[in-house]
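Notes for the one structure printed next.
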Amino acid sequence: MRARRSEPGRSAVVDAYEPAEPVHGFPTLVRDTPPFEAFRDPRAQRVLDASQFPELVWRVPWLVAPMRASEDLFFDIVSQIHMPAWAHGRVALTGDAAHTTSFLSGQGSSVALVGAYVLAGELASHADHAEASAAYERRMRRFAERNQALATGGGTIVRGRLGTGRRDLAGQRGGPP
């Protein structure tokens, strides 16, 4: 079972697949600046997460209470790479090195495979590596940027109410987020 509660800038996901297995919670929030002060302090991580969900709504208290006592809390920043160019000289980047999508979008491997395929095709059809690299970027840039936008413009965490509602509705129907 996967259950999700979302609002602009924050979400909480609870995964429970088998009755005898542990329940996994995934509270997530959007911040303009990373909370670097919390990285070396597990107590600060718990306080930060709990402070983002102060209301007693849905299953969030059920998720936050055990998090405070958990010995295996995972806390990290979800980030993306936005490169101004993907090639220089005879070196061309693809996948996460060129355009990290964020695991929140669920598209990392797909975009990386498409990028590698497009780059190989352009290298095969252009005698000059610089022309191949430029063609690769022209074909891939919009596709990669649209997939990067899934993490904040309609993926797991969104800033706007409309995207959150659409995503949650899809999850209730059993469709993709």
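When reading the values below, keep in mind they use all heavy atoms of this one structure, side chains included, and skip hydrogens, waters and symmetry mates. By convention here, the first residue in the shown sequence is residue 1.
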Say whether, by atom type as modelled, one donor and one acceptor occur between the side chain of E137 and the main chain of W86 under 3.5 angstrom.
yes

Quick one: does any side-chain atom of Q107 pair with a main-chain N or O of Q148 as donor and acceptor, under 3.5 Å?
no

With rounding to the nearest 0.5 Å, note down the distance linking [atom1] in [X] to [atom2] in [Y].
| X | Y | atom1 | atom2 | result |
| --- | --- | --- | --- | --- |
| Q45 | E37 | CD | CD | 10.5 Å |
| H99 | L93 | NE2 | CG | 9.0 Å |
| D41 | R46 | CG | CZ | 9.5 Å |
| D128 | L123 | CG | CG | 10.5 Å |
| H126 | S133 | NE2 | OG | 10.0 Å |

Checking side chain to side chain contact (heavy atoms under 4.5 Å, CB included) for the pair M140/V111: CA distance, chi angles, key distance, verdict?
CA-CA 9 Å; M140 274 299 296; V111 176; 4.2 Å; yes

Listed by chain and number, what are the side-chain hydrogen bond (donor to acceptor under 3.5 Å, both in side chains) partners of R138, not counting sequence neighbours?
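side-chain hydrogen bond (donor to acceptor under 3.5 Å, both in side chains) check on R138 returns nothing, list empty.
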
Under the side-chain hydrogen bond (donor to acceptor under 3.5 Å, both in side chains) test, which residues partner T94, sequence neighbours left out?
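T94 satisfies side-chain hydrogen bond (donor to acceptor under 3.5 Å, both in side chains) with Y136 once adjacent residues are dropped.
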
Considering residues at least two apart in sequence or located in another chain, which fulfil the salt bridge (Lys or Arg N to Asp or Glu O under 4.0 Å) criterion with R139?
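Scan of R139 (salt bridge (Lys or Arg N to Asp or Glu O under 4.0 Å), adjacent residues dropped) gives E122.
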
For atom CZ of F39, is the number of surrounding heavy atoms from other residues, nucleotides or ligands below 6.0 Å larger than 12?
yes

In the single-linkage hydrophobic clustering (I, L, V, M, F, W, Y; side-chain heavy atoms under 4.5 Å), do M83 and V118 co-cluster?
yes

Heavy-atom nearest pair, D49 first then P27, reads OD2-CG, 4.0 Å

